[in-house]
Amino acid sequence: MADATRSRRRRLLLAPGLTWISLLYVVPGLLIVVYSFLTPQLGGGVTWDPTLDAYRELFSSNPRAAFYNNYLTVFIRSVAWAAIATVVCAVLALPLAVFIAARRSTVAKTALIVAVMIPFWTSMLVRTYAIRFLLANTGPVNELLQTLGLEPQTFLNTRFAVLLGLVYTALPFMILPLYAAVERSDRAQLEAGRDLGATPVQVFVKVFVPMVRPGLTVGATMVFVLSVSQYIVPALLGGSKTNMIANFLDLQFGEAFDWPLGAAIATLFSLVTILALYVAFGRNDEADLL
Amino acid sequence: MADGNGGAAATGSVELHSVTKRFGDVVAVDALDLRVEPGEFISLLGPSGCGKTTTLRMISGFEHPTSGAISISGRDVTATPPHRRNINTVFQSYALFGHLSVADNVAFGLRVKRHDKSRIAERVGAVLDQVHLPHVAGRRPAQLSGGQQQRVALARAIINEPEVLLLDEPLSALDLQLRQAMRLELKRLHQDLGITFVFVTHDQEEAITMSNRIAVMNEGRIHQLGAPEEIYERPATRFVAGFIGETNLLDATLVSADGPKATVRLPTGVTLEVSGPDHIVAEAGTVVAIAVRPPRVAVLGEHDTVAADFVAVPGVLREMLFLGDSTRVTVEFADGSQQVALRHNDEQRHPFGELRPGDRVHAAWRRESAWLVVG
């Protein structure tokens, strides 16, 4: 009896968090799904006439909005760029994580970790504007190129600028979990690999990567989720031709006033994300790390 | 093989030629010379920081000597990376691959060398049988007990049929009972495989019970290399005498030396004869020590007669400690040094007679029981 009461009391502690999540995530999320099946109202909002028009428009090969040859292009572009950003982040972060973990002094480690997190202290909007300034046609980067006797380049409003912005924003989210995984890893296992006749490359692939995989999975998930839903970076660095999903949603809700279409792409997008998370974490115990 | 000066007969030998390893200002291993014979079980024994693990890591290739050369099976491997030396290590922490099953752990070495799949499966089965673990092949290392992990680490190493097996304190993480069982099993495995074992330990009992030879190390140097009995009975230095088992070390001055016999004078003025190494290389007047093992010390009453082949040193009985199997007596000599005698409590209920703490006594031992320690 006493145990049952105690466990009921403990469950009560979950109430504030659950209320918060329900009111601010679950209910609006479900509303979006509902809206995607309704008819748009002129000037925003919806009328309660159920229809599949939004989904038909979404998969249509002849879309209404002139500057999209296909809505799914935006969708695929977002996913592809997020995937590329994830790979680039992993490649950049792994040596850094190993470098930080290999420092002997705790002070050096802490200093490097703080250095990784310092960008968080400044608003992302400010930082993205700073990149915009750096990459401008007459900005410092081009000035440097000219000083070196090279041709100035157009960086802004290119895919390169968007990718740079995505990687810049998300990199710390890859470094931190990877660093934690490297720090926890058993260095003796690397030696055991060499001892058993594996070349350094074989040890990296067969021992090191599996050992830090939990960190890699967490980092990749965070980078991917952050990048795929980026709004500021494509808006400030990419121009209109490099829209990503978030910019498209903004357009539907804020300017085209086609709420159901926006809700439909949000719904589809959420489904894909949930599926991706299931693939990453559903079958194993790595979810513990989140 | 072709360039080996030792040829096939040397397979399994390990030679270190004046190997030195420095870490910054610290000399971990100091001009070490050692030849390990093919097929022998040799222990590197010493306290932590004595350089035994560094020596092992230089043999396996994880550390490079600052100077000197290492050869295995007659081939110089000083510059050979670990994965190209035909030797394997059982690590102190076992270092099993957590993401792989037991069978995959054991198969690792053969897989990276791209052996035939069916042969690998066959060998994994055979080796797991050899360490008595055929039933856990599908489990992960984390699901095994410490003793089982130890066996998997052994299996993972010996499946590669190394010329030399290196063992880095492999038993230190096990509880006493398991440790004792594993000692016997390691010894059996050594006999079955016929390969060279180089065993690093700080546990003298482990070294004594398993090894053909022991290298006692301290501060980067080998103090003595020899069979366990030799190390125990005839310690070369004060360090060895003190590290291997319990011993009484008495300061003394060398009076004269004649072959394996010597005469020394204790600070209390007592002059006595002791045995020593075949060629005592010390001049009269040198400060030396004599070592007498506690079980060989008799404690006699002040007026008891001392047998002719015994030497006796007067002192005061300070302490008697009943230990169950035995009784331990501490005697203080006139110079203030305290020495220990140990007697089995067999049919005599009071092995030390009616002696009591505070009594004047003689500590006595057979002349040949005292051993001269020059180093």
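Proteins get letters first, then strands, A, B, ... in listed order; numbering begins at 1 in each. As the structure is a prediction and not an experimental result, all values here were calculated from the model.
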I'd like to know whether CZ of B/R35 has more than 12 heavy-atom contacts from other residues, nucleotides or ligands below 6.0 angstrom. yes
B/F91 versus A/A192, closest heavy-atom pair with distance: CE1-CA, 3.5 Å
Kindly check if the number of other-residue, nucleotide or ligand heavy atoms within 6.0 Å of CZ (B/F62) is above 12? yes
Who among A/G197, A/A188, A/P200, A/G193 has the most heavy-atom pairs with chain B under 4.5 Å? A/G197
Need one label for B/N88: side chain, backbone, both or neither, based on atoms under 4.5 Å from any heavy atom in chain A. both
Distance check, rounded to the nearest 0.5 Å: B/F108 atom CZ versus A/Q202 atom CD? 7.0 Å
Answer with side chain, backbone, both or neither: which region of B/L100 has an atom nearer than 4.5 Å to a non-hydrogen atom of chain A? neither
Looking only at heavy atoms, the pair that brings A/K206 and B/H99 closest together is O-NE2, 2.9 Å
For A/R187, I'd like to know if atom CZ has over 12 heavy atoms of other residues, nucleotides or ligands within 6.0 Å. yes
B/K113, NZ atom: more than 12 neighbouring heavy atoms under 6.0 Å: yes
Minimum heavy-atom distance A/R194-B/P82, with the two atoms named: NH2-CD, 3.5 Å
Heavy-atom distance under 4.5 Å to chain B: side chain of A/D186, backbone, both or neither? side chain
Pair A/L196-B/F97, side chain to side chain contact (heavy atoms under 4.5 Å, CB included): steps then yes or no: CA-CA 12 Å; A/L196 294 167; B/F97 305 125; 4.0 Å; yes
Would you find more than 12 non-hydrogen atoms of other residues, nucleotides or ligands less than 6.0 Å from B/Q92 atom CD? yes
Which bit of A/E191 comes within less than 4.5 Å of chain B, counting heavy atoms only: side chain, backbone, both or neither? both
Taking all atoms of both residues into account, what is the closest heavy-atom pair of B/S60 and A/D195, and its distance? CB-OD1, 4.4 Å
What part of B/L166 is in contact with chain A, defined as an atom under 4.5 angstrom from a non-hydrogen atom: side chain, backbone, both or neither? neither
Toward chain A, the part of B/S93 with a non-hydrogen atom under 4.5 Å: side chain
Crowded around A/R159 CZ? As in, over 12 foreign heavy atoms under 6.0 Å? no
Go through the atoms of B/R156 and report whether side chain, backbone, both or neither lie under 4.5 Å from a heavy atom of chain A. both
